[in-house]
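Okay, so here's the structure we're looking at.
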Amino acid sequence: MADIPPEEVVNYACEDADITLRLADVFEARMPAGSPERHILEEVEMPLVPVLADMEMEGVRLDVDVLGAMAEGLKEDLRKLTESIQAHAGVPFSIDSPRQLGEVLFDHLAITDKAKKTKTGQYATGEDVLQKLVDTHPIVAEVLEYRQLNKLLSTYVRPLPELVDPETGRIHTQYMQAVAATGRLSSTQPNLQNIPIRTKRGREIRKAFVPRDANHVLLAADYSQVELRIVAALSGDRGLCTAFLEGADIHTATAAKVFGVPAEEVDRGQRSQAKAVNFGILYGQGAFGLAETLKIPRREAKGIIEAYFAEFADLKAYQTRVVEEAKENGYVETVLGRKRWLPDITSANAVVRGFAERNAINAPIQGSAADIIKIAMVHIHRALDEGGFKARMILQVHDELVFDVPTDEVEAVRELVCSHMERAVELAVPLEVEAQTGQDWLEAH
DNA sequence: TCTCTGCTCAC
DNA sequence: CAAGTGAGCAGAGAC
């Protein structure tokens, strides 16, 4: 081994021997030519590196005045809420401290005699816990609102303007390519993959994400129901596949089957329940979790899940199969053959094993969605370059891509982006993409 | 200064 | 016991 340059060698220190191997041999053994791993490395992950680098360097412009105005409003509302919460409590305390808040609510004010504890023994004061206690005392609703507004101020509105690069005037996130166990990207410094959208107040933050100048717009393109389409394709479930092939509203179609009524007669409540079941399926949720989400008795949740799997029997069989395969092989795979190893799948501990089983169900779905959008990103980046477009890909949020586009390129880029996203892979069901433009990220949704 | 905990934002 | 993947913030305590 003396003739191998040191940078081409890996050393293993074992109990009673030092083993030296050629790096190239280790690589060939771990990623043999023609293997799915090698394909993912060479055709997806490596080509994605310069794409992500370009996105990071390009950055996204932030209108700091929008956030400045929001900050003033939030501070004033938080001041009033703090005053009122302290008055209800009767003692000064830090609302930001879950421990102090728990003591105020459950010892001092004693708003319930059934307080829940966390695993470390302190009072649980999470959103779901407080939501159930909202009628016991006026302080509870105020704490919930305080938490929501303080989250917006402390995580987004205050820090984001600080992260604008003085050179470019833009925010430059970092995409982490080898962090998430499923193959997803993550985003840090700042995380631009969790900018609020759910609440009215939070959504406003998206108005601060703007195109580079007056001659550009933001174009946001997102996959419609991509994970449910993937689960339909992977399971080959006839009911699910047919619904997607017919272009049906998937939650309405699901409700029609589960509740045994024609699609036209599905009401809002039934659709919303079916939607919750569909999402739960992606994570391996059980009756307990569904009951919690829908705020219905467990018995009822169990009935809904049973009706669901009676209708979508191929899906049930698929989930059973994927867990069995995980036990057999020690891993599960995405559409591209990306593996997630699950050593806990054979654990004797039912809690630990249950976790691994839900990972076995979820990872192929979440990971396949990651595979698909990564392929689309590589193709789109190449097509924009080859087409001589000035449009730039600037953000990825798991099932969504955002572009900064000159106004005269909008229609061509929209077509290019949608077409590459929809054709990234060929599945047994169509992939659909919705694209919208706007003068800010909120408007583009 | 570092790490852990609890909480909450996104998909 | 119970719903997957992440990141960031403030509090609290160890060092």
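Reminder, nothing fancy here: chain letters follow the sequence lines and each chain counts from 1.
Contact check, A/Thr125 against B/dC7: a side-chain N or O comes under 4.0 Å of OP1 or OP2. Note on A/Thr155: every side-chain N or O is 4.0 Å or more away from OP1 and OP2 of B/dC9. OP1 or OP2 of C/dA10 sits under 4.0 Å from a side-chain N or O of A/Arg158. Dashed line: the shortest gap from a side-chain N or O of A/Ser94 to OP1 or OP2 of C/dG11 is under 4.0 Å. For the pair A/Thr120 and B/dG6, the criterion of a side-chain N or O lying under 4.0 Å from OP1 or OP2 is met. Phosphate proximity of C/dT5 to A/Asn359: present, with a side-chain N or O under 4.0 Å from OP1 or OP2. Between A/Ser186 and C/dT5 there is no side-chain polar atom (N or O) within less than 4.0 angstrom of OP1 or OP2. Dashed line: the shortest gap from a side-chain N or O of A/Arg198 to OP1 or OP2 of B/dC11 is not under 4.0 Å.
Put simply, the side chain of A/Arg184 and the base of B/dC11 share a donor and an acceptor less than 3.5 Å apart.
Separating the C1' atom of C/dC1 from that of B/dT8 is a span of 23 Å, rounded to the nearest Å.
Ion pair A/Lys327/A/Glu357 flagged as a salt bridge, since at least one NZ, NE, NH1 or NH2 atom sits closer than 4.0 Å to an Asp/Glu carboxylate oxygen. Taking the charged nitrogens against the carboxylate oxygens, A/Glu324 and A/Arg321 have no contact shorter than 4.0 Å, which rules out a salt bridge. Taking the charged nitrogens against the carboxylate oxygens, A/Lys339 and A/Glu37 do have a contact shorter than 4.0 Å, which makes a salt bridge. Taking a cutoff of 4.0 Å between a charged side-chain nitrogen and a carboxylate oxygen, A/Glu45 and A/Lys374 qualify as a salt bridge.
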Item to check | Residue pair A/Gln396, A/Gln193: steps toward the side chain to side chain donor-acceptor pair (under 3.5 Å) verdict | outcome: CA-CA 7 Å; A/Gln396 191 255 38; A/Gln193 291 182 321; 3.0 Å; yes

Checklist entry - So A/Ser224 and A/Glu434, side chain to side chain donor-acceptor pair (under 3.5 Å) or not? Walk me through it. => result CA-CA 7 Å; A/Ser224 158; A/Glu434 289 174 5; 4.5 Å; no

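Out of B/dC11, C/dG6, C/dA3, the shortest distance to the side chain of A/Phe288 is found at C/dA3. Among the nucleotides B/dC11, C/dA2, C/dG8, the one closest to any side-chain atom of A/Ile197 is B/dC11. Closest contact between the side chain of A/Pro196 and the listed nucleotides B/dG6, C/dT5, B/dC9 involves B/dC9. For A/Tyr283, the listed nucleotide lying nearest its side chain is C/dA3; candidates were C/dA3, B/dT8, C/dG11.
Rounding to whole angstrom units, CD1 of residue A/Ile195 and C1' of C/dC9 are separated by 14 Å. When the P atom of B/dT8 is taken as reference, atom NZ of A/Lys151 falls 8 Å away, rounded to whole Å. Remark: C1' of B/dT8 and CD of A/Gln131 are 14 Å apart, rounded to the nearest angstrom.
Among the heavy atoms of the strands lying under 4.0 Å from A/Arg298 is at least one base atom, whether or not backbone atoms are also near. A/Glu227 comes within contact range of no nucleotide atom at all, as no heavy-atom separation falls under 4.0 Å. Nucleic acid contact class of A/Gln122 (heavy atoms, under 4.0 Å, all strands): sugar-phosphate only. Nucleic acid contact for A/Glu127: sugar-phosphate only, since backbone atoms but no base atoms lie under 4.0 Å from a heavy atom of the residue. Heavy atoms of A/Gln100 sit under 4.0 angstrom from primed sugar atoms or phosphate atoms, though from no base atom. Using a 4.0 Å heavy-atom criterion, one finds that A/Ala181 contacts the sugar-phosphate atoms exclusively.
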